[in-house]
Amino acid sequence: MNRFASFSALRLASACACLLSFSSCAQEVYKQPDQALRDVEILAADSMGGRLPNTPGHAKAQHYLLQRFQSIGLKPVGKEYQHPFTFTARNSSTPQPGMNLVGMVPGKSEKVMVITAHYDHVGTRNGKIYNGADDDASGIGAILALATHFQKQKPQHTLVFVAFDAEEQGLQGSKAFVANLPFAAERILLNVNLDMVSISAKNELYVSGTYHHPAFKPLLEQVKVPEGLNLRFGHDRPEQGPDDWTMQSDHGSFHRAKIPFLYFGVEDHPHYHQETDEFQNIHQAFYLKAVETIKRAVEVLDKQLPV
């Protein structure tokens with residue numbers, strides 16, 4: 001996520017090698033918690049090297065996601081899941097390759113909801129790995145959980161799931177996707193973007209975008225939120241300055257193209273863009289409730305948006 005924060009040299013203990021325990025109430029919230037947490041743990045492992053684009057660890061993450069897309073049963077959008085593009089990184093004049101991963105669950109309608117998260121992070125700096133568990137392995141784990149659910153419970157609308165590359169380089173993957181949509185823009189009802197959904201000391205999950213698209217708010221107010229999680233609206237008004245998240249993650253590329261969006265995320269925390277953003281530091285019970293909340297929100301939108 002591209003928010004305003006500085007990097008710290010502080011390092012906490014290294015990520016644990018096994019899944020941490022989580023509460024029984026969290027197990028009841030999401031029926032496949034082991035897989036949701038395991039996806040985050042694997043993507044945020046030291047072996048992924050912080051998932052900086054065009055590094056060996058990034059290639060491992062991409063390979064893992066291709067296997068997960070296939071195992072879930074997502075259909076490619078186009079000939080294959082891989083959608084290549086070219087971008088120029090910050091502080092560089094040399095173009096380099098990027099790779100978005102795109103799969104779908106066909107619905108009864110050709111109208112599309114595009115559900116997104118980014119799988120890249122900032123890599124290794126001064127020999128220290130920035131694993132990006134919350135940013136944004138948590139969002140990727142969530143879209144995989146949603147894809148698994150809707151593959152079994154067929155939606156009304158076609159759901160397109162995109163794992164964006166190079167978000168940390170200036171939303172490059174989403175910019176490329178929106179500039180070269182694999183289907184007509186008129187088919188897209190909205191983008192649902194997930195970026196940082198697993199750490200909140202206040203148990204608060206924010207949904208942004210209803211300031212720009214107020215018609216979504218009464219639908220989201222119908223979502224039955226799991227006990228112990230607070231779903232908040234906000235961080236989307238221009239007068240909020242740096243607290244306005246409208247352009248601060250991949251949904252910004254859709255907004256710039258006048259495609260409606262909703263963004264789910266948490267407020268900044270001490271691990272944001274730090275080497276301490278490790279699997280062991282995510283709030284597991286909160287994360288599972290956040291995944292369930294987002295799933296229920298997509299279900300409400302799927303049932304009530306026009307087909």
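Heads up: numbering here begins at 1 and tracks the sequence.
- Closest approach of D250 and S174 over heavy atoms only: OD1-OG, 2.7 Å.
- Remark: I294 CD1 to L194 CG distance equals 4.5 Å, nearest 0.5 Å.
- Among all heavy-atom pairs drawn from A133 and E278, the shortest one is CB-C, 3.4 Å.
- Within the 4.5 Å cutoff, the side chain of H149 has heavy atoms near those of the E299 side chain.
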Verdict with supporting geometry, F150 and V298, side-chain contact (heavy atoms from CB on, under 4.5 Å):
CA-CA 10 Å; F150 286 105; V298 173; 3.6 Å; yes

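- With rounding to the nearest 0.5 angstrom, the CG atom of L288 is 10.0 Å from the OG atom of S198.
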Can you list, pair by pair, the side-chain donor-acceptor contacts under 3.5 Å of residues 156-163, counting residues two or more places apart and other chains?
{"unit_1": "H157", "atom_1": "ND1", "unit_2": "D302", "atom_2": "O", "d": "3.1"}
{"unit_1": "H157", "atom_1": "ND1", "unit_2": "D302", "atom_2": "OD1", "d": "2.8"}
{"unit_1": "H157", "atom_1": "NE2", "unit_2": "L305", "atom_2": "O", "d": "3.3"}
{"unit_1": "H157", "atom_1": "NE2", "unit_2": "P306", "atom_2": "O", "d": "2.8"}
{"unit_1": "T158", "atom_1": "OG1", "unit_2": "G107", "atom_2": "N", "d": "3.2"}
{"unit_1": "T158", "atom_1": "OG1", "unit_2": "S109", "atom_2": "O", "d": "2.9"}

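- To the nearest 0.5 Å, the span separating CD on Q304 from CG on L219 amounts to 5.0 Å.
- For E227, the CD atom is loosely surrounded, since the number of other residues' heavy atoms within 6.0 Å does not exceed 12.
- Here the side chain of R296 pairs a donor or acceptor atom with the backbone of K224 at under 3.5 angstrom.
- Legend: residues meeting salt bridge (Lys or Arg N to Asp or Glu O under 4.0 Å) with R237, ordered by chain and number and at least two apart, are E239.
- V178 and Y119 end up in different hydrophobic clusters when Ile, Leu, Val, Met, Phe, Trp and Tyr side chains are linked at under 4.5 Å.
- Among all heavy-atom pairs drawn from Y130 and H121, the shortest one is O-CD2, 3.0 Å.
- A donor-acceptor distance shorter than 3.5 angstrom exists from the side chain of T55 to the backbone of L52, with no hydrogens or angles considered.
- Contact detail for D134 and S138: the closest heavy-atom pair is O-OG, 2.7 Å.
- Of the N and O atoms on the side chains of E204 and N230, not one donor lies less than 3.5 Å from an acceptor on the other residue.
- Proximity of a side-chain donor or acceptor of Y81 to a complementary backbone N or O of L74 within less than 3.5 Å is detected.
- Between F87 and F85, the two ring planes are tilted [angle within 30° to 60°].
- More than 12 heavy atoms of other shown residues, nucleotides or ligands fall within 6.0 angstrom of atom NZ in K154.
- When atom types are taken as modelled, the side chain of K60 and the backbone of G49 share no donor-acceptor pair closer than 3.5 angstrom.
- Contact annotation: the side chain of V105 approaches that of P155 to within less than 4.5 Å [non-hydrogen atoms, C-beta and beyond].
- A donor-acceptor pair is defined here as one N or O able to donate and one able to accept, closer than 3.5 Å; such a pair exists between the side chain of T148 and the backbone of L144.
- Dense packing is recorded around CD of E221, with more than 12 heavy atoms of other residues, nucleotides or ligands lying under 6.0 Å away.
- Cation-pi geometry between K217 and F233 is met: the NZ or CZ atom falls under 6.0 Å from the ring centre, inside 45° of the normal.
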Before you tell me yes or no, could you show the steps for D268 and H273 under side-chain contact (heavy atoms from CB on, under 4.5 Å), namely the whole-Å CA-CA distance, both residues' side-chain angles and the distance that decides it to 0.1 Å? CA-CA 10 Å; D268 285 354; H273 272 204; over 6 Å; no

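- Side-chain atoms of T246 and H212 include a donor-acceptor pair closer than 3.5 Å.
- Between V207 and F216, the closest side-chain pair of non-hydrogen atoms is not below 4.5 Å.
- Residues F183 and F261 are members of separate hydrophobic clusters, defined by side-chain heavy-atom contacts under 4.5 angstrom among Ile, Leu, Val, Met, Phe, Trp and Tyr.
- Taking CZ of F69 as the start and CG of L101 as the end, the distance is 5.5 Å to the nearest 0.5 Å.
- Checked against salt bridge (Lys or Arg N to Asp or Glu O under 4.0 Å), E110 has no partners two or more places apart in sequence or in another chain.
- Between G73 and Q151, the closest heavy-atom pair is O-NE2, 3.3 Å.
- In terms of hydrophobic clustering, with Ile, Leu, Val, Met, Phe, Trp and Tyr side chains grouped at heavy-atom distances under 4.5 Å, F177 and L65 are assigned to different clusters.
- With hydrophobic clusters built from ILVMFWY side chains whose heavy atoms lie under 4.5 angstrom apart, L301 does not share a cluster with I188.
- Taking the six-membered ring where the residue is Trp, H269 and H271 present tilted rings, their angle falling between 30° and 60°.
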Inset, instruction - Under the side-chain contact (heavy atoms from CB on, under 4.5 Å) rule, what do L262 and L220 come out as? Steps first, then yes or no, please. - result: CA-CA 10 Å; L262 291 170; L220 293 169; 3.9 Å; yes

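- Using modelled atom types, no side-chain atom of Y263 and backbone atom of H235 make a donor-acceptor pair closer than 3.5 Å.
- With hydrogens and angles ignored, the 3.5 Å screen pairs no side-chain donor or acceptor of E267 with any backbone N or O of D243.
- Linking ILVMFWY side-chain heavy atoms closer than 4.5 Å, directly or via other members, places F264 and I199 in a single hydrophobic cluster.
- Atom CG in L231 sits 12.5 Å away from atom CG in N203 (nearest 0.5 Å).
- Contact detail for L43 and R51: the closest heavy-atom pair is O-NH1, 2.8 Å.
- Across Q172, H83, Q62, H58, a single residue satisfies side chain to side chain donor-acceptor pair (under 3.5 Å) together with D165, and that is H58.
- Remark: the backbone N or O of A166 is paired with a side-chain donor or acceptor of D120 at under 3.5 angstrom.
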Item to complete: Could you please spell out the steps behind the side-chain contact (heavy atoms from CB on, under 4.5 Å) verdict for L66 and Q82?
Response: CA-CA 8 Å; L66 287 171; Q82 298 99 316; 3.6 Å; yes

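- Inter-residue side-chain proximity for I140 and R68 is flagged as unmet; no heavy-atom pair is nearer than 4.5 Å.
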**OP:** Begin with the C-alpha distance, continue with both residues' side-chain angles, and end with the deciding distance and a verdict on salt bridge (charged side-chain N to carboxylate O under 4.0 Å, His left out) for E292 and K295.
**Re:** CA-CA 5 Å; E292 178 66 18; K295 185 203 78 175; 3.2 Å; yes

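- Between the side chain of D136 and the backbone N or O of H118 there is at least one donor-acceptor pair closer than 3.5 Å.
- Rounding to the nearest 0.5 Å places CZ of R256 at 10.5 Å from NE2 of H251.
- With a 4.5 Å cut-off on side-chain heavy atoms, D135 and Y272 count as touching.
- Using a 4.5 Å heavy-atom cutoff, the side chains of Y211 and D244 are not in contact.
- N131 and D277 share no donor-acceptor pair across their side chains, judged by distance under 3.5 Å alone.
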